[in-house]
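Order of the sequence lines fixes the chain letters, A, B, ..., with proteins taken first and strands second; residue numbering starts at 1 for each chain.
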Amino acid sequence: MLRRTFLGLLGAAGMGAALSKSALAAGTQHFTGHPGSFGVLFDATRCIGCRRCEAGCNQVNGLPSPAKPFDDLSVLDVKRRTDAKTYTIVNRYDKIPGAAGPVFRKFQCNHCLEPACASACFVRAFSKTAQGAVTWDGSVCVGCRYCMIACPFEVPTFEYNEPLTPRIMKCTMCYPQIMSGQLMVPGCVGACPTEALVYGKRDRLITAARERIYKYSGRYLDYIYGEHEMGGTSWLYLSGVPFKALGMREDLGVTPAPELTSGALASVPIVAGLWPVLLIGIYAVNKRKDKIAREERLQAVAEALTKAHADTEHKLERAKTKAEADQKAAIEKAVKNALEEAAKAETQEGD
Amino acid sequence: MVKGRSLLRWAGILLVCVSVSFVCIEAQGEKEPVKAPESGRPDRIKIDTLAAFGELELPPVTFFHDKHTDVLLKEKKSCETCHSVKDHKLSLAFKGTNAAKPAEIKDIYHASCIGCHNEMAAAGKATGPPDGFCRSCHNAKPTLATARLDVGLNKVLHFRHVESKNIPATAVDKNNCGVCHHDYDKKTKKTFYAKGKEESCRACHGDKPKSGEMSLEQAAHQQCVVCHLNLAQKGVKETGPYVCAGCHGAAGLALVAKKNQEVAAKLPNQDALRIKRGQPDAALITYNPKDESGKAAKPLLMNPVAFDHKAHEKYNDNCRVCHHAGIESCDKCHTLLGTKAGKFVTFEQSMHLKTSQQSCAGCHAAKQAAPNCAGCHNRMVKTGRPDEATCRQCHVPLPDGFGALGGNLAATPQQKAGVAEIMLKSRNLNPGTYAASDIPETVKIKDLTDKYEPAEFSHRKIVQSLTQGMKDSLLAGYFHRDPGTMCQGCHHNSPASKKPPNCSACHGKNFDAKHPDRPGLQAAFHGQCNDCHKDMGLKQLAATNCTDCHKEKQK
């Protein structure tokens, strides 16, 4: 095998190992949420935009009082979003085609089944609890704010005005309060006068939502937002108008955020572990080959030298012999010539 | 050489850029939407007679018909200036263009139109474009669109035609029917009047002309306009419209509607408006007893429904509201298994399809959207599957002694109609509920009082105003005939009774995770009150104005 071919094959094998998803996908097998986990169903056809949920949230979480009181509905004239002092807001959407009047939509953390914030966090400050809430642990957070970039719903917010101990602020689904028995349902849900918000087991809520769609045909779109978005969220939404008209993203797809990155990220150990071994191996093989080649070359040179030496000796010998023979012949010839000269001279003298 | 090659390359790239931008600009130019004309006229006609022969050389001609007829009237010229008249019948086509070749048609139009314009111009009168101003008539982007309203022939207008003394009576019929209604004899290729078999125009005349059959548009103009015109020419003062705006313009339609109202108001009895076609006053609705093979089908499967045909005629403007283009008995096409002619809509579906406005249940459901009804009906469960009690609303048992006759599918229509009549007469159409003394006057909602005083709910007043809202509707009267029915608008999910369960019997604490679909008491009240107020168009309850209903608790 040629050296180049060999290296090529080796490289291909390494890349194949790094990119093979099937082996790694086992780590993120199809996850449909923790069994029996809780969620909230929001029904836009029931919401009257009273902002009681905002007030309830503010109260149970001990958040600072807003500039305008909660019964001032003029704040609904602009589209708002959550910030470090507000875990949830309600927005009003006017002039939606097909809707008789304004439609309201509550906005807060959707508590994804497989949260993007948690997958982006390299210190594991976020965790999806078995009860459904996505919680944040301030003791490990380094304040990188990757979670804010990762969240497809742009939920986590940062306390920019806290220079020393900034926190990531977002809805907790009142996890601490519910776990401590302080609350039975999240603060916003408990404050809703029309039960536009319902707290319960997520599976049961989906059934209830489907039941509403079936029983009141024409009132709802046949769709539960959050059932599959980004792999599913604990917060579910029903509406009579397209969710896009309520400022909700419809382009998210059904793939959970961690699955989008798990393939590439899970290949890191392989790349980091396998490639050095491979490269060192290749280096060693190459080194060894070079060494053998050098030794062989030296041996060949030595042999050639010996051979050349012998040849020269042989030639010299032959030349010597020949020279001697030539000398001998020359002497003989000279002798012969001398004898002939002498004989000739004798004959001439004899005449 | 190297320099030459790079020059050549640049030239090539430039050429590609130029050609691409050319194509794009060109494409954009084509895509640029032709601005829709802002206003329209009913008399704008697009003349594209030559389009039938192939692609047009120039855009179709924009022609304003009423503009021209006005001038003709002023100039004391007749319609024959443009249309040919044969046997007092005006042809709708432009004179001479009927059987001509394309080139001839073009010449006829040009010679007639431009000729007339030239004459008028020579006489010093305002007129249309002369020769050479091609685009004045062949205008690709006309500033005015065609905007036509439909006059429609409702039962009052029909009645006015039936009663009219001006319509020349034909030999065959003294009720004027034969003047418009006709049948077609395929052999002689002539129309004739068949008494008692009058159909709607749409039964034969469709949206587009078929071989030998005019389209509805053609037929209506040929029949209506020409007759109106002839009467006007005879000197009849009160005649139907014969200019475009008369039937298709807002002002013309208002005039027709006003006259209709006057005529209807003068009638001592609205029954006179009924179309006299021999339809029954009452009908017993049963499916066609014969299946496709002609054999008698199954025996009666369900209590037949007595149908007040006469009353439904009163509520609706024309037969088409229930019947299709042709006026046939429902069971002719809608059989138990469905037929092709009935688009495989079965008999049962034809009466109950909620998606169709021509079915009983579909039309009645649509009526529930009216504010008087929506308060209760919008909140009701609508799965498309009726409950058992709903069936019994219409499918009531036959009266004693008539069971055999009503159930006998072979009984004659007259016999069945007789049974239906008896059933209709015994109907109680007065919406009612329990005696006022049985209805609590006020209800104090005091189950949930933390921040507010108990809410005072004027229970009896609401019941009475709901009853009042139904008073004039026979539909509501019939379907709310049981005293408990109306109560179920709020006291739902339990059998109707004089003492329905209290709200808190079912609606308990808020946010019961075991019943995510059963609102707690607070949400049930808010949902019921708010939605009903909204749907009935009553005073909107502001989302945060709690004190509208609840008084603040004094500390």
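Atom CD of A/Glu250 is surrounded by more than 12 heavy atoms from other residues, nucleotides or ligands within 6.0 Å. Counting non-hydrogen atoms of neighbouring residues, nucleotides and ligands closer than 6.0 angstrom, the CD atom of B/Gln357 exceeds 12 such neighbours. Counting non-hydrogen atoms of other residues, nucleotides and ligands closer than 6.0 Å to CZ of A/Arg167 gives a total of 12 or fewer. For A/Lys79, the NZ atom counts as densely surrounded, since its 6.0 Å shell holds more than 12 non-hydrogen atoms of other residues, nucleotides or ligands.
Distance check, rounded to the nearest 0.5 Å: NE2 of B/His526 to CD1 of A/Ile48 gives 7.0 Å. Considering CE of B/Met380 and OH of A/Tyr216, their distance stands at 10.5 Å, rounded to 0.5 Å.
Annotation: maximal heavy-atom pairing with chain A below 4.5 Å, among B/Asn530, B/Asp531, B/Asn378, B/Asp517, occurs at B/Asp517. In terms of non-hydrogen atom pairs under 4.5 Å with chain B, the most contact-rich of A/Ile213, A/Val198, A/Asp43, A/Val189 is A/Val189. Looking only at heavy-atom pairs under 4.5 Å with chain B, the residue among A/Lys201, A/Arg204, A/Glu211 that has the most is A/Arg204.
For A/Leu41, no part sits under 4.5 Å from any heavy atom of chain B, backbone or side chain.
Closest approach of A/Arg219 and B/Arg379 over heavy atoms only: NH2-CA, 3.7 Å. Across every non-hydrogen atom of B/Gly520 and A/Glu195, the tightest pair is N-OE2, 2.6 Å.
Using a distance-only test at 3.5 Å, with no hydrogens or angles considered, no donor-acceptor pair links the side chain of A/Thr194 to the main chain of B/Gly527.
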